[in-house]
Structure formats: structure tokens, C-alpha cells
There are 2 protein chains.
Amino acid sequence: MMLDAGMESAIDAGAAIAPHDAVPSATGAATLHGTLLAQLRDYVVEGNLAPGARVPERLLCERFGISRTPLREALKVLASEGLIDLLPNRGARVRQLGHDEMVALFDVMGGLEALAGRLACEKITEEAYAEIERLHHAMYASYLRRDLHGYFAANQGIHDRIVAAADNAPLAATYANFAGRLRRVRYAANLDKDRDRWGEAMREHEEILDALRRRAGPELSDILFRHLRNKRRAAATQESAAAGA
Amino acid sequence: MMLDAGMESAIDAGAAIAPHDAVPSATGAATLHGTLLAQLRDYVVEGNLAPGARVPERLLCERFGISRTPLREALKVLASEGLIDLLPNRGARVRQLGHDEMVALFDVMGGLEALAGRLACEKITEEAYAEIERLHHAMYASYLRRDLHGYFAANQGIHDRIVAAADNAPLAATYANFAGRLRRVRYAANLDKDRDRWGEAMREHEEILDALRRRAGPELSDILFRHLRNKRRAAATQESAAAGA
DNA sequence: GACCAAAAATTTGCATTCATTTTTGGATGA
DNA sequence: TCATCCAAAAATGAATGCAAATTTTTGGTC
């Protein structure tokens with residue numbers, strides 16, 4: 001069900017907590033539960049706990065200075081977001097991404113980006129497009145400089161802005177959820193070791209920008225899905241390389 | 001401090017509870033929390049509480065025979081799923097779908113079905129395809145008979161099987177979540193009052209089956225998105241008609 | 001030294017309790 | 001009649017308590 005994780009209700013209802021749909025770090029938190037949820041989510045997403053590691057209630061209560069009740073509520077929500085697993089009578093564990101699940105998550109990301117691209121073509125303003133174009137050129141400059149950090153920042157900025165341009169709160173929330181789940185893997189997708197992929201990604205981004213400029217929704221949708229598929233392939237390759245090393 | 005994960009062997013991943021990825025009604029519930037969550041979700045989705053109505057903790061505790069602690073945990077999760085809103089110090093309310101949000105949710109459904117169709121073309125077995133074909137013909141028979149109930153059942157069966165054929169747990173979970181949020185609206189989309197839409201939908205399903213038979217992923221993806229767009233339009237039309245009535 | 005069973009200690013799940021906030025009801029006054 | 005204000009009642013948010021389950025430690029045996 002998912003089941004997915006949230007911010008749109010927080011936006012719609014003002015103060016409502018909707019972790020599933022809310023962009024994690026953007027969740028306004030007037031309540032302890034809301035604050036704690038955001039903190040704990042960041043704590044997990046940032047990788048402070050090793051994958052598969054037990055999530056000890058007691059320690060986290062001390063760390064955040066709260067009692068077990070709100071913590072346990074937050075853990076239930078994080079489980080519904082897919083960040084942790086709850087084992088009956090055996091506590092919570094940081095979810096560990098196996099190969100199959102990683103592949104599945106990348107495909108959903110691809111579907112969400114494809115959707116975002118299509119919607120963005122319908123709704124994007126000229127200003128928002130110009131900003132994406134600017135980021136694209138900045139990204140290209142970083143690519144030429146082999147500036148991985150700058151490249152990543154611009155790259156993520158582009159994808160985020162496409163999602164934002166789609167102007168669809170539930171989509172943005174779901175996207176944020178999946179991005180959080182894949183965050184660790186995505187950072188691991190180190191282009192530095194795969195120059196071919198880097199060039200390929202850059203060419204794909206040329207196509208993305210072109211389709212977006214023409215407001216070619218279905219076309220952009222398809223390009224974005226294939227773009228994510230290739231990103232998935234690169235990540236999987238890296239994964240197996242890491243396993244072999 | 002970094003918590004170590006490597007001390008003991010990995011817990012059997014098969015036994016892990018992953019509410020987010022599990023289809024709501026299929027969530028195995030060995031725990032009270034799990035059981036209650038599924039029950040409460042059904043209770044809300046089934047429409048036992050009026051949209052916008054307060055969700056009284058006390059009454060629900062009595063109804064389910066539990067204390068407030070597990071109930072409140074479940075409410076937090078339902079909020080993260082977008083089914084209810086939590087207003088700080090003012091309790092939970094059944095989320096009310098405004099027009100804009102309904103439109104947004106339909107678009108996400110379209111994107112998810114588009115993704116499911118594309119993946120299904122890659123993975124579907126001949127048996128699963130044959131079953132969808134069978135359902136398609138049953139749906140057509142219902143259409144000719146003007147059997148709305150049978151038509152809906154077959155229709156939903158087809159869409160569900162396409163999602164299942166995609167063989168992607170996070171996708172299935174997310175799809176189930178959005179379907180739950182839109183459930184009330186979807187039932188409201190009464191084709192009986194809109195014969196033109198009914199015929200149009202039937203023709204679209206012919207295209208869907210054809211693309212699936214040819215395993216034409218990108219094409220099926222596009223058809224499914226447009227199919228949902230038309231369904232969205234029909235629902236919106238009905239909505240405004242109901243408002244005017 | 002490895003292996004296994006039993007007891008201690010920790011941890012989890014849920015109920016209960018307490019402090020705050022909100023809501024309700026009515027009295028007061030214009 | 002209506003609006004405003006205030007106190008009582010109810011509801012919410014969080015902490016604490018307790019029984020059951022699990023994990024760890026201990027002690028003994030082979």
C-alpha cells in the first residue's frame with residue numbers, strides 16, 4: 001500500500017501531517033510527532049544506521065529526548081514508507097535493498113519521472129523551463145570539467161524541477177519517498193568509474209531538454225523512462241562490481 | 001554512534017513485514033498493530049466515515065476493542081497513506097478530495113498504470129495474458145448486456161492483472177494506495193449516465209489488449225495513460241454534474 | 001573448546017495515566 | 001436576540017507502567 005510517504009496534505013491542509021505524501025524534509029512539524037518523524041526519517045535516509053541493523057528504541061529515545069510512544073508511532077510510519085521493516089516482537093530494522101528490490105524501485109522511479117515529464121510539458125511555465133535550461137548548461141559545464149559533485153547537483157536539480165513543474169502534490173510526495181529509499185544507492189552510482197555511462201547520460205539529457213523545449217509530453221515521458229533504465233543498469237553494474245571487489 | 005548490523009546473520013527477509021509494499025488487504029497481520037491497521041484502512045476506504053468527518057479515537061477504540069495507543073499508531077500510518085488528515089491537537093479527519101486533488105490523483109494513477117503496462121509487456125507470461133484476454137471478452141459481453149456490475153468487475157480485474165504482471169512489489173503497493181484513495185470517486189464514475197464514455201472506454205480496452213498481445217510496451221504505456229485521462233475526465237464531468245444537481 | 005539448556009536481562013507491545021489543548025455549555029451583557 | 005466571555009467537560013499528545021516475548025548470559029556437559 002504503501003503504501004507510499006507524504007507532504008501534500010501538509011500543504012493542502014496547512015498543518016496536517018501527511019508523511020507519506022510530504023516531501024520528507026519539507027514536512028512542517030508543529031507537533032512533536034511531526035518533528036520527530038522528519039528527524040528520524042532523515043536519520044535513517046542519511047545512512048546513520050547500517051542497512052539491516054536493528055533500530056533500538058531505547059537509544060533513539062535518548063538521542064531525540066522523547067518517550068517511546070511518539071518514537072514508535074514514527075517507526076510505524078517509516079515502515080509504511082518502506083524505509084524500515086518491522087518484525088513482530090523483534091523490533092525495527094533498516095531495510096536492506098536486495099538487487100531485485102533495487103531494480104524494482106528504479107523502475108518505479110522511471111515511471112514517476114516519465115509521468116512528471118509528461119505533466120511538466122502540459123504545465124511548465126517559460127520561466128521554469130528557462131531555469132531547467134540553465135541547470136542543463138551548468139551540468140554540461142560540470143561534465144566537461146569532470147566535476148562530479150557539480151554534475152550531480154545540477155542533475156538532481158533538473159529532475160527535481162521537472163517533478164515540481166508537473167505541479168502534482170501526490171506525485172511529488174511519492175517521488176520524494178522513492179528517492180529517499182534509493183538515496184543510498186543513487187549516491188553509490190559513481191560515474192567516476194564509468195565514463196561511458198557519464199557521456200551517455202549527458203546525451204540523454206540533451207534529448208530530455210529538447211523534448212521539454214518542444215513540450216513533447218509522450219516523447220519526454222519515454223526518454224525519461226529509458227534514462228532511468230540506463231541509470232538502473234549503471235547502478236546494478238556498480239553493485240555487482242562492488243560485490244566482486 | 002554507528003550501529004553495527006553485521007553481528008548476526010540477516011533476518012529471513014521473507015518473514016519481514018513491509019507494510020508499505022504490501023497490498024493493504026493482503027498484509028499479513030500477526031500483530032495487533034498490523035491487524036488493526038488493515039481493519040481501520042478498510043473501515044475508512046469503505047466509506048464508513050463521511051469525508052471531512054472527525055475520526056473519534058474513543059469510539060474506534062470501543063469498536064475495535066483496543067486501547068488508544070495502537071489506534072493512534074494506525075492513524076499516523078493512514079495519514080501517511082493520504083487517507084486521513086491529522087490536525088495537531090484537533091484529531092484526525094477523513095480526507096476530503098477536492099477537485100484539484102482528485103485530478104492529481106487520477107494523473108498519478110495514469111502514470112502508474114502506464115508504467116505497469118510497460119513492465120507487463122516485458123514480463124507477462126502467456127498464461128497471464130490469456131487470463132486478461134478472457135477477462136476482456138467477459139467485459140465486452142457485459143458491455144453488450146449493459147451489465148454495469150459485471151463490466152466493472154472485469155475491468156478492475158484487467159487493470160489489477162496488468163499491475164500484477166508488472167511483477168513489481170513497490171509499484172503494486174503504490175498502485176493499491178492510490179486506488180484506495182480514489183475508490184470512492186471511482187465508484188461514483190457511473191457509466192450508466194454516460195453511454196458515450198462507456199463505448200469509448202470499451203474501444204480503448206481493445207487497443208490495450210492489442211498492444212499487450214504485441215508486447216508493445218511504450219505503446220501500451222501511452223494508451224493506458226490516455227485511458228486514465230479519459231476516465232479522469234468522465235469522473236470530473238460526473239462530479240460537476242453531481243454538484244449541479 | 002564446542003555445544004546446549006536454563007535463568008537473567010533486555011526489549012517489545014499495549015494499557016493506563018497525566019498534562020495541555022480544544023470544545024462545549026451556559027451566563028452575562030449589550 | 002445575539003455576541004462575548006468563562007468554566008466545565010472532553011479530547012488529544014505524550015509519558016509511564018506492566019505483562020509477554022525475545023535476546024543475552026550463565027552454567028553445565030560431552
Side-chain angles (χ1 to χ4, degrees), chain A residues 9-10 13-19 27-40 49-50 52-80 84-95, chain B residues 1 3-13 15-19 27-40 44 49 52-80 84-95:
Chain A
S9 57
I17 294 175
T27 303
T31 66
L32 176 57
H33 168 76
T35 315
L36 175 66
L37 179 59
Q39 285 184 320
L40 192 56
L49 274 54
R54 204 177 168 134
V55 181
E57 293 184 4
R58 175 76 45 192
L59 288 180
L60 290 176
C61 285
E62 293 173 7
R63 167 172 281 274
F64 293 107
I66 49 152
S67 76
R68 286 177 54 218
T69 304
L71 179 80
R72 287 172 55 79
E73 290 173 351
L75 289 177
K76 298 285 192 291
V77 174
L78 293 186
S80 93
I84 63 175
D85 290 324
L86 293 179
L87 297 93
N89 293 314
R90 300 179 61 190
R93 281 171 189 271
V94 178
R95 173 168 287 196
Chain B
M1 72 157 46
L3 301 161
D4 63 275
M7 293 317 284
E8 64 252 299
S9 65
I11 298 301
D12 178 11
I17 292 177
T27 301
T31 66
L32 176 55
H33 169 77
T35 316
L36 176 66
L37 179 58
Q39 284 184 320
L40 193 56
V44 172
L49 275 52
R54 228 183 144 115
V55 181
E57 292 184 5
R58 171 105 8 221
L59 289 180
L60 290 175
C61 286
E62 294 174 6
R63 167 172 282 276
F64 293 106
I66 50 152
S67 78
R68 286 176 57 217
T69 305
L71 179 79
R72 288 171 55 78
E73 290 173 352
L75 289 178
K76 298 285 192 291
V77 174
L78 293 186
S80 92
I84 64 176
D85 290 322
L86 292 180
L87 297 88
N89 293 315
R90 301 183 63 192
R93 284 173 189 274
V94 178
R95 171 169 285 195

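Worth saying up front: this structure is predicted, and the values here are computed from it rather than measured. Chain A is the first sequence line, chain B the second, and so forth, proteins listed ahead of strands; every chain is numbered from 1.
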Closest heavy-atom contact between A:L36 and A:A74?
CD2-CB, 4.2 Å
If you find the nucleotide of DNA chain C closest to B:P70 and the one closest to A:G91, which residue's nucleotide is nearer the 5' end?
A:G91
Below 4.0 Å: OP1/OP2 of D:dA15 and any side-chain N or O of A:S67:
yes
Taking OP1 and OP2 of D:dT12, is either one under 4.0 Å from a side-chain nitrogen or oxygen of B:R72?
no
Charged N to carboxylate O below 4.0 Å: is that the case for B:R93 and B:D85?
no
In terms of the nearest nucleotide of DNA chain D, which residue is placed more toward the 5' end: B:V55 or B:T69?
B:V55
Over how many whole Å does the gap from B:E73 atom CD to D:dA14 atom P extend?
13 Å
Whole Å only: how far is the CG atom of A:L59 from the P atom of C:dT12?
10 Å
In whole angstrom, give the distance that lies between atom CZ of A:R58 and atom C1' of D:dT23.
15 Å
Between C:dT17, C:dC14, C:dT12, which nucleotide gets closest to the side-chain atoms of A:R54?
C:dT12
Atom-to-atom span, CZ of A:R68 to P of C:dT17 - whole angstrom
18 Å
note: A:E57, atom CD; C:dC14, atom C1'; distance rounded to Å ~ 12 Å
Mind checking the CZ-CZ spacing from B:R63 to B:R58? Nearest 0.5 Å is all I need.
15.5 Å
Report the distance from atom CG of A:L87 to atom C1' of C:dT12, rounded to the nearest whole Å.
12 Å
Among D:dA15, C:dT11, D:dG13, the one nearest any side-chain atom of B:N89 is D:dG13
Would you give the length of the straight line joining atom CG of B:L78 to atom CD of B:E73, rounded to the nearest 0.5 angstrom?
12.0 Å
So does A:R90 get a side-chain nitrogen or oxygen closer than 4.0 Å to the phosphate oxygens (OP1/OP2) of D:dT23?
yes
Whole-Å distance between D:dA11 P and B:E62 CD?
10 Å
Quickly work out the A:I66 CD1 to D:dA15 P distance and round it to whole Å.
7 Å
First locate atom NE2 of A:H33, then atom OG1 of A:T69, and finally report the distance between them rounded to the nearest 0.5 Å.
12.5 Å
